[in-house]
Amino acid sequence: MFQTLEARTANDLWKQAAEWFRQDDKSVRQASRNGPTQEVMNVALSLQYPRQRWIAARVPAMNPAFAIAEVVWIVSGRNDSAMLNYFNAVLPRYAGEGTTYHGAYGHRIRSSFGVDQLERAYHALSAKSDSRQVVLQIWDSRIDLPSENGSEASKDVPCNVCSLLKVRDGKLEWTQIMRSNDLFRGFPHNVIQFSSLQEILAGWLKVEVGAYHHYSDSLHLYDQDGDVASHFEDISSPDNEDTLSLVKSESDAAFLMLGQLCDFCANTERSSDEVFNHVSNLHLPAGHANLARVLAADALRRRNAFGQAQEVMQQCTNPCLRFMTQRWFSKPR
Ligand SMILES: O=c1ccn([C@H]2C[C@H](O)[C@@H](COP(=O)(O)O)O2)c(=O)[nH]1
């Protein structure tokens, strides 16, 4: 039977799903390669307003800069590991030590099947908005299925399997299919990743953003992460009023600049003054400029330039991103 939830914000979805793990009869014990879990199967979550994608209730606070870097990395079709690892030094522990990530979502979507699926989806839905045939494929059986003895193909086998896109009533509806989903570490990032792609593509198509539907075949919490109560604070961020919806040429130009900024930040030979000047001189649309500020502020914090980090965040016009960044900065370290 499907377990379903619908909410206005991802934060509310996350809080309600977390509640399931406090109930005795909802989740079951399930072993995994990463240790024992509590699992709920066949979970379908609908986010009514995909722009409300930021989850503030998780403890410890999520790093919004890393989440934004992942979006930029995916949109750019990249699979290199160094830039992401700069924003999240523990990522190799989960996804492998190599110079590239096997399951890189953007690389799968934009190039590894020999077709730029995002670009094709844009053209196909521009030409035929009622199509039911637009699927972004991520899973590649040739390289992702376990071997016959059951051993995994990689440390980083994609958890997102595909995306199903439909334009209905002038809105881009998005269904994201996940085979495996960690409520604590994965879900908050996965919603940001794919609801951002939805918003970006809606801009290219010049349609509104519909709902974001998220299917987790296995939604779980690891025993080693402790009980759910220790990960939970009953708070929410202010609403996110920024938009990532731009016509394609402007969107492409903005993400090119954000990609360059990510690399600039990740280059530890760049001084804090250089990062500060770089972000101060960027000319980006308002929503993208705020993403740039969060990226740069975290890079400045990592360079111990706390004053410059705060100065950059004072320029951020998005109360939601200011809230998320403040929470991340005040996380005990
Ligand atoms: O985008 C991702 C990537 C990974 N995971 C989590 C799900 C699982 O807990 C773990 C992957 O382990 P396997 O399902 O591959 O065993 O990482 C996610 O939730 N989202």
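Ligands are counted one by one from 1 in listed order, and the atoms in each one are counted from 1 as well. Values in this document were obtained by computation on a predicted structure and should not be read as measured data.
- Numbered from 1 in the order shown, with element, the atoms of ligand 1 that lie under 4.0 Å from a heavy atom of His220 read 7 (C), 8 (C), 9 (O).
- Of all atoms in ligand 1, numbered sequentially from 1 with element shown, those under 4.0 Å from a heavy atom of Met178 are 20 (N).
- A distance of 6.0 Å or more separates the ring centres of Phe276 and His278.
- A salt bridge links Arg8 with Asp239: the closest approach of a Lys/Arg side-chain nitrogen to an acidic carboxylate oxygen falls below 4.0 angstrom.
- With a 4.0 Å heavy-atom cut-off, ligand 1 is reached by the backbone of Asn181 and by its side chain too.
- Atoms of ligand 1 lying under 4.0 Å from at least one heavy atom of Gly186, given by number and element, are 18 (C), 19 (O), 20 (N).
- In summary, of the residues considered (Val134, Val209, Leu201), a side chain to side chain contact (heavy atoms under 4.5 Å, CB included) with Leu172 occurs for Leu201 alone.
- With distances taken over non-hydrogen atoms, the option nearest atom 20 (N) of ligand 1 out of Asp144, Asn160, Asn190 is Asn190.
- Closest heavy-atom approach to atom 1 (O) of ligand 1 among the candidates Tyr222, Tyr94, Tyr105: Tyr105.
- Atoms of ligand 1 found under 4.0 Å from any heavy atom of Arg179 (numbered from 1 in listed order, with element): 13 (P), 14 (O), 15 (O).
- For ligand 1, the atoms sitting less than 4.0 Å from at least one non-hydrogen atom of Asn34 are 12 (O), numbered in the order shown with element in parentheses.
- Checked for salt-bridge contact, Lys15 and Glu233 miss the test: no charged N lies under 4.0 Å from a carboxylate O.
- Using a 4.0 Å cut-off between charged side-chain N and carboxylate O, Asp140 and Arg108 make no salt bridge.
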> Between Phe194 and Tyr105, is a ring-ring contact (aromatic ring centres under 6.0 Å, His included) present by the stated rule, with each step listed?
Replying inline: CA-CA 10 Å; Phe194 289 95; Tyr105 296 137; 5.6 Å; yes

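- When hydrogens are left out, the protein atom nearest atom 19 (O) of ligand 1 is Asp182 N, 2.8 Å; that is the closest non-hydrogen contact.
- A side chain to side chain contact (heavy atoms under 4.5 Å, CB included) with Leu118 is found for one member of Leu165, Ile74, Leu197 and no other, namely Leu197.
- For ligand 1, the polar-atom distance check finds an N/O of Arg33 within less than 3.5 Å of one of the ligand's N/O atoms.
- Protein heavy atom nearest atom 17 (O) of ligand 1, with residue, atom name and distance: Cys159 SG, 4.1 Å.
- In this structure, Gln193 does not count as a contact residue of ligand 1, since none of its heavy atoms falls inside 4.0 Å of the ligand.
- The existence of a salt bridge linking Asp144 and Arg179 is excluded, since no basic side-chain nitrogen approaches an acidic carboxylate oxygen closer than 4.0 Å.
- Aromatic pair Tyr101/His107: ring centres not closer than 6.0 Å.
- Look at Arg185 and you'll find every heavy atom at least 4.0 Å from all atoms of ligand 1.
- Of the candidates Ser154, Gly103, Ala95, Ser180, Ser180 brings a heavy atom nearest to atom 14 (O) of ligand 1.
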